[in-house]
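Structure, as structure tokens:
Since the model is a prediction, treat every value here as computed from it, not as a measurement. Keep in mind that the numbers below use all heavy atoms, side chains included, and drop hydrogens, waters and symmetry copies.
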Amino acid sequence: MNSTADKLEQFRALHESGCFVIPNPWDVGSTRFLQHLGFSALATTSAGFAFSQGRPDGGVPREMMLEHIRTIVESTHLPVNADFEGGYAVEPEGVAESVRLCVATGVAGLSIEDSTGDRENPLYDIALATERVRAARRAIDEAGGGVMLTGRAECFFVGKPDLDDAIMRLKAYSEAGADCLYAPGIRTPEQISAVVTAVAPKPVNVLVGSASPLTVAGLRELGVRRISVGGGLAMVAWAGFVQAATQLAEAGTFDGFLATRPPADLNTIFREDLRKRME
């Protein structure tokens, strides 16, 4: 198992050049299977974990989320980036306290969002949002400084698809100390290219959480450094489960089981993984 210092170094190196996919597991099994497939890093998903606990996205309390993040970190030798939502606080001091706790889980990176959860006022004022990122940066630096901080502009996710506003926010977060910038919801090559250009030379994360004409190769050509899938993989798993369970409940048939059998031999994969961890 790689040390936390090794993971920090590996994760930072991944952001220096090229383009990599950072898929999002939601439990230990999905974590270890993604590791088996050879990905270079992983990221948690707030939605994927919340649904596994019978909670809505955003409905997981801080202590439960911290324990989940620690579990994922301890389940893999890969660097893990934490989807840390809004830092579980409004004021910068509270964000800093939460970030210190998250750093202690052994993560290689974490993200802070600027959404409020209030439908009437879905985004923090840019001044406060920037201070929240600056507080997160300070907390990371005081803890040793190795954890990468991602600043997220949630404009497109909260129904305010204003590219100029998103770019203005990302630039402010970059100046406040964010290492990586992320505007989930941008989808067109033009939008993505504009964000990459605006925050250069800082790396940009792009979310592709559903079927899309975008490809890894195409995003690489646009200058994207990191590609995440959010709750996309968890939703694929839930889709198969819901279809099979609904057919069983409503029609009394078992046809859904045939369509959802995994093509991989999970027993063999997890048995080998367990053997290696016990050596």
Side-chain angles (χ1 to χ4, degrees), residues 10-26 30-31 33-48 57 78-83 108-111 113-115 148-171 173-174 178-240 263-264:
Q10 292 166 9
F11 197 52
R12 195 163 288 275
L14 286 169
H15 291 77
E16 292 176 357
S17 63
C19 178
F20 70 100
V21 177
I22 182 168
N24 305 67
W26 61 95
S30 56
T31 297
F33 186 75
L34 291 170
Q35 175 182 279
H36 164 76
L37 289 177
F39 288 100
S40 301
L42 303 174
T44 64
T45 160
S46 61
D57 190 16
L78 299 175
V80 173
N81 188 83
D83 175 356
L110 62 90
S111 60
E113 304 173 6
D114 59 5
S115 58
M148 289 196 69
L149 174 62
T150 297
R152 293 180 46 149
E154 302 291 298
C155 310
F156 283 73
F157 252 25
V158 299
K160 292 186 173 294
D162 184 332
L163 185 61
D164 290 338
D165 185 36
I167 287 174
M168 179 177 65
R169 288 171 175 272
L170 292 179
K171 284 178 152 182
Y173 304 158
S174 176
D179 300 296
C180 182
L181 289 313
Y182 182 13
I186 59 172
R187 290 185 171 85
T188 70
E190 293 76 18
Q191 291 170 339
I192 294 167
S193 181
V195 168
V196 169
T197 299
V199 303
K202 294 280 183 79
V204 168
N205 183 101
V206 166
L207 171 69
V208 186
S210 58
S212 169
L214 297 171
T215 65
V216 173
L219 290 167
R220 182 185 297 114
E221 290 180 2
L222 291 172
V224 173
R225 193 61 50 80
R226 191 173 88 186
I227 305 166
S228 59
V229 300
L233 290 172
M235 296 306 101
V236 171
W238 272 100

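Contacts classified as side-chain hydrogen bond (donor to acceptor under 3.5 Å, both in side chains) and involving residues 33-44 (residues at least two apart or in different chains) are given here: Q35-T76.
For the pair R12 and D179, the minimum side-chain heavy-atom distance is below 4.5 Å. Counting heavy atoms from C-beta outward, N24 and D83 have side chains that stay 4.5 Å or more apart. The side-chain heavy atoms of Y173 and T150, taken from C-beta on, include no pair separated by under 4.5 Å. Side-chain atoms of I227 and L214, non-hydrogen and from C-beta on, never get closer than 4.5 Å to each other. With a 4.5 Å cut-off on side-chain heavy atoms, E113 and F157 do not count as touching. In this structure the side chain of P184 reaches within 4.5 angstrom of the side chain of R152, judged on heavy atoms. Here the side chains of C180 and V204 are not in contact, with every heavy-atom distance at 4.5 Å or above. Between L219 and L222 the shortest side-chain heavy-atom distance falls below 4.5 Å.
Applying the side-chain hydrogen bond (donor to acceptor under 3.5 Å, both in side chains) test to K171 and every residue at least two apart in sequence or in another chain returns nothing. When the side-chain contact (heavy atoms from CB on, under 4.5 Å) test is applied to A194, the partners found at least two apart in sequence or on another chain are L163, I167. Shown here are the side-chain hydrogen bond (donor to acceptor under 3.5 Å, both in side chains) partners of N81, two or more places apart in sequence or in another chain: there are none. Qualifying ring pair (Phe, Tyr, Trp, His ring centres under 6.0 Å) partners for F11, counting only residues two or more places apart in sequence or in other chains: H15. Applying the salt bridge (charged side-chain N to carboxylate O under 4.0 Å, His left out) criterion to D165, with sequence neighbours excluded, gives R169.
When every heavy atom of T45 is checked against every heavy atom of W26, the shortest pair comes out as CG2-CB, 4.1 Å.
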